[in-house]
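I have placed the structure first, in the form of structure tokens, so that the comments after it can refer back to it.
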Amino acid sequence: MLIRRGIAVSPGVAIAPAMLLGIENFRIPQRLISTTAVPGELSRFHAAMEAVRQEIQDNEQLARERLGDQYAAIFSAHLMMARDLHLISEIEGRIQGHQSAEYAASQVLRQYSRRLQDLGGQYLSDRSVDISDLEKRLLRLLLGEQREELSQLTSPIILLANNLTPSETANIDRRFVLGFATEVGGYTSHTAILAGALEIPAVVGVGKFLDDVSGAETVIIDGSQGVIIIDPDDITLVKYRNMEVRFRNHERRLHSQRELPCETQDGVSISVMGNIEFPTEAEPCREKGAAGVGLYRTEFLYLESNREPTEEDHYRAYCQVLKAFPEQPVVIRTLDLGSDKLPSSLRGEYSASVNPALSIRSIRLSLQQLQLFKTQLRAVLRAAVLGDLRIMFPLISTLLEFRQARMVLGDVIDDLEEQGVPFRRDVPVGMMVEVPAAAIMAEEFASEVDFFSLGTNDLIQYTLAVDRADQGVAYLYREGDPSILRLIRMVVNAARKYDIPVCVCGQMSTNPLFLPLLVGLGIRQISVTPHAIPELKELIRKLTIEKAEKIATHAGEIDVARDVESYLRRELKKLCPELFDSDWDKACWSGLGRRHPQCYWLEIIQNRFGQSAYLCAGW
Ligand code: PEP
Ligand code: MG
């Protein structure tokens with residue numbers, strides 16, 4: 001049994017056989033073969049091994065001619081391994097023991113590679129890379145056209161991969177992919193957000209683990225605790241199967257309360273809306289008790305298929321969402337393409353930037369690709385006749401940028417009018433506040449926009465200079481950082497002065513840990529991952545505004561993120577002690593801020609040695 005910890009991004013428990021998407025996207029099936037198939041499998045292995053040797057020899061020859069003997073020696077070492085009789089006989093032994101050629105080869109080569117790594121030292125670790133190279137060559141030949149694609153699944157699996165792009169995640173078939181874990185990724189990466197949207201238990205940022213998995217082992221994904229367990233023993237399996245059932249019961253209980261008013265104990269109503277990425281999510285989002293859609297990430301229309309969406313595609317998608325929410329607000333965020341969300345049609349033009357998160361992304365891209373932008377705006381304005389639709393521009397950094405976007409909207413209005421196409425003219429126009437410059441200039445913006453929505457995912461990334469998708473710096477990505485609290489307060493104050501609404505639609509509002517703080521800072525609207533809506537509403541019903549304001553005031557006096565977050569944790573524990581009672585209760589909530597693997601160890605330190613030890617740990 002192998003237990004690995006990562007970042008909990010989508011709660012719940014999933015148990016199924018592993019499907020491994022390696023760097024090369026090979027799946028290595030653990031196929032058992034019959035006695036009669038053994039000779040055929042052996043000759044398949046020998047033929048592939050011979051072809052690998054030939055391939056290496058060719059490379060050796062080429063390297064010798066172009067670069068000299070010194071470089072050719074690299075391939076000589078590979079060749080020696082490919083001829084190693086001991087290695088070959090170990091693989092043959094496994095095939096004779098009824099394992100498929102690819103499974104046997106990958107098991108043996110991984111064992112070799114691990115043993116070398118365990119010996120330590122750079123030289124031996126480099127040799128283990130040579131063995132991985134041999135494995136890749138062999139598997140490429142053995143699997144050939146039999147490579148199994150994600151789109152061809154026919155039975156439930158847990159997907160294990162180095163990384164999944166947002167578009168790969170968007171195309172996951174929920175019927176068969178019960179959960180996933182990736183080696184890289186951060187809490188607010190778009191892949192993580194999509195996992196929440198798809199309601200698939202998921203753990204990201206696990207670090208290197210794929211080399212220890214061959215595929216087809218049973219895997220448990222605990223998306224609430226950020227744990228993956230490969231080849232669980234029977235006791236662990238039973239524990240998690242029970243947890244799976246309790247998780248569902250917990251969800252059912254919350255679901256039954258979804259029509260209760262969403263008010264604090266002192267009668268202040270808080271609007272809890274849903275973030276969606278696909279129009280098909282709208283109906284389930286309403287069923288979770290959402291008061292509307294606070295953020296529709298429309299760029300997924302581009303990422304779902306290879307074809308550029310037409311005006312009619314946009315229009316149909318928006319109508320579908322409005323149909324689920326005929327009277328509640330539906331905030332359509334215009335395309336936030338670029339950075340990690342670049343459709344194939346735009347890849348040639350934009351993917352070469354050195355730092356994509358700071359490059360042509362989002363509203364900047366829309367303002368460069370005017371036709372694409374106008375197509376979307378036409379559809380939005382046409383759909384707006386059906387309900388309470390609002391338009392929101394993403395990643396606004398300067399006033400000029402907002403005015404430019406508004407001007408394009410004005411042009412589209414003129415076009416529609418001229419063409420006699422029915423549309424709504426007075427659609428409220430707001431902006432995401434997700435660039436520190438926009439937060440700092442909030443007063444100036446507040447006098448021109450109809451509403452604000454705080455995109456804390458990017459606001460934190462840009463304020464703290466921490467890539468939101470990079471698990472290597474996930475420990476620095478802190479919602480509780482005093483600078484973030486200060487920026488939120490500035491935005492709320494500016495919105496108050498100009499009497500415009502302000503919502504928080506970044507993942508910070510999905511985490512129960514920060515809810516009392518946000519309410520205390522004056523936030524009365526949040527838009528969250530839909531699965532979290534019932535639990536957040538339950539928490540709101542336990543709050544009073546007075547208490548929330550006290551929490552925000554005290555948190556605002558603390559100067560270190562770590563201390564802000566542990567203070568919030570203590571306060572949440574007082575409000576909802578049941579959350580901290582037992583393992584399974586914790587498992588049911590959305591990660592409670594367990595954002596990076598280190599948090600798990602911190603919690604253990606804290607539980608064992610008390611708060612002071614936790615503080616001493618330097619987090
Ligand atoms: C954000 O940045 O907080 C946000 C909601 O937008 P996205 O996560 O789509 O970048
Ligand atoms: Mg954003």
Side-chain angles (χ1 to χ4, degrees), residues 186-188 270 275 294-295 331 333 336 357-358 361-363 392-399 401-402 430-468 473-511 513-528 548-549 551-565 567-568 593 595:
Y187 180 72
T188 61
I270 309 284
N275 293 346
L295 168 65
V331 180
R333 180 177 76 179
D336 186 5
L358 299 178
R361 172 193 163 188
S362 206
I363 194 70
M392 176 158 76
F393 297 131
L395 209 83
I396 294 287
S397 314
T398 65
L399 276 160
E401 211 165 37
F402 180 76
M431 64 179 265
M432 302 264 312
V433 181
E434 50 184 346
V435 176
I440 293 165
M441 296 291 285
E443 278 211 15
E444 284 75 4
F445 277 110
S447 65
E448 296 197 20
V449 307
D450 294 322
F451 62 91
F452 282 149
S453 193
L454 272 153
T456 50
N457 303 339
D458 277 313
L459 188 64
I460 296 166
Q461 154 165 274
Y462 294 126
T463 306
L464 300 179
V466 174
D467 188 331
R468 60 193 267 191
V473 283
Y475 68 100
L476 295 171
Y477 189 97
R478 311 297 288 247
E479 287 94 336
D481 194 274
S483 62
I484 305 300
L485 270 46
R486 206 172 286 179
L487 288 176
I488 296 177
R489 208 180 264 285
M490 281 168 74
V491 175
V492 171
N493 288 344
R496 248 188 218 144
K497 186 164 168 191
Y498 285 88
D499 196 23
I500 60 166
V502 53
C503 175
V504 178
C505 66
Q507 292 303 103
M508 182 174 182
S509 57
T510 294
N511 189 338
L513 192 65
F514 297 104
L515 185 71
L517 169 77
L518 291 175
V519 172
L521 286 170
I523 296 293
R524 297 293 178 265
Q525 287 182 9
I526 56 173
S527 188
V528 303
E549 283 177 348
I551 290 175
T553 305
H554 184 74
E557 286 159 3
I558 304 175
D559 57 2
V560 182
R562 169 201 67 188
D563 298 353
V564 171
E565 288 168 14
Y567 165 66
L568 294 178
R595 293 305 162 70

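The shown structure was predicted, so the numbers you read here are calculated from the model rather than taken from an experiment. Just the heavy atoms: all of them, side chains too, but no hydrogens, waters or symmetry mates, feed the values below.
Minimum interatomic distance between Pro436 and Tyr462 (heavy atoms only, all atoms of both residues): CD-CB, 3.5 Å. For the pair Met490 and Ala439, the tightest heavy-atom approach, listed with the atom from each and the gap, is CE-O, 3.9 Å. In terms of heavy atoms, Glu479 sits closest to Glu565 at N-OE2, 3.6 Å. Residue Ala438 comes nearest to Met431 through the heavy atom pair CB-CE, 3.8 Å, listed as atom of the first residue, atom of the second, then distance. Summarising the geometry of Phe445 relative to Leu399, their closest heavy-atom pair is CZ-N, 3.5 Å, with the distance given to 0.1 Å. The two residues Gly520 and Ala552 have their closest heavy-atom pair at C-CB, 3.5 Å.
Contact check for Phe514 versus Leu485: no side-chain heavy atoms found under the 4.5 Å cut-off. Residues Arg478 and Val466 form no side-chain contact, since every pair of their non-hydrogen atoms from C-beta on lies 4.5 Å or further apart. Using a 4.5 Å heavy-atom cutoff, the side chains of Asp481 and Ile460 are not in contact. Two residues are said to be in side-chain contact when any heavy atoms from C-beta on lie closer than 4.5 Å; Leu454 and Val433 meet this criterion. Leu521 places none of its side-chain heavy atoms less than 4.5 Å from the side chain of Glu549. Looking at heavy atoms from C-beta onward, Leu459 lies in side-chain contact with Leu487 at the 4.5 angstrom threshold. Between Ile523 and Val502, the closest side-chain pair of non-hydrogen atoms falls below 4.5 Å.
Each of Asp563, Leu517, Leu515 was scored for a side-chain contact (heavy atoms from CB on, under 4.5 Å) with Leu568, with one residue passing: Leu517.
Between the CD1 atom in Ile363 and the CZ atom in Phe402 there is a gap of 9.0 Å [rounded to 0.5 Å]. Between atom CG of residue Asp559 and atom OG of residue Ser483 there is a gap of 12.0 Å, rounded to the nearest 0.5 Å. Taken from CD in Glu434 to CZ in Phe452, the straight-line distance is 13.0 Å, to the nearest 0.5 Å.
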Run the numbers on Asp458 and Arg361 for side-chain contact (heavy atoms from CB on, under 4.5 Å), then give the verdict. CA-CA 12 Å; Asp458 277 313; Arg361 172 193 163 188; 2.8 Å; yes
Go through the steps to decide whether Gln507 and Asn275 satisfy the test side-chain contact (heavy atoms from CB on, under 4.5 Å), and finish with yes or no. CA-CA 10 Å; Gln507 292 303 103; Asn275 293 346; 4.3 Å; yes
Under the side-chain contact (heavy atoms from CB on, under 4.5 Å) rule, what do Leu464 and Tyr477 come out as? Steps first, then yes or no, please. CA-CA 7 Å; Leu464 300 179; Tyr477 189 97; 6.0 Å; no
Mind running side-chain contact (heavy atoms from CB on, under 4.5 Å) on Gln525 and Ile270 for me, showing each step along the way? CA-CA 6 Å; Gln525 287 182 9; Ile270 309 284; over 6 Å; no
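Among residues two or more places apart in sequence or in another chain, the side chain to side chain contact (heavy atoms under 4.5 Å, CB included) test is passed with Arg486 by none. With sequence neighbours left out, the side chain to side chain contact (heavy atoms under 4.5 Å, CB included) criterion links Ser509 to Val504, Leu518, Ile526, Val528. Qualifying salt bridge (Lys or Arg N to Asp or Glu O under 4.0 Å) partners for Arg333, counting only residues two or more places apart in sequence or in other chains: Glu299, Asp336. For Phe451, the ring pair (Phe, Tyr, Trp, His ring centres under 6.0 Å) criterion is met by no residue, not counting sequence neighbours. Every residue meeting the salt bridge (Lys or Arg N to Asp or Glu O under 4.0 Å) condition with Glu448, not counting sequence neighbours, appears here in chain and number order: Arg403. Not counting sequence neighbours, the partners of Glu443 by the salt bridge (Lys or Arg N to Asp or Glu O under 4.0 Å) test are Lys497.
Using modelled atom types, one side-chain atom of Gln461 and one backbone atom of Arg468 make a donor-acceptor pair closer than 3.5 Å.
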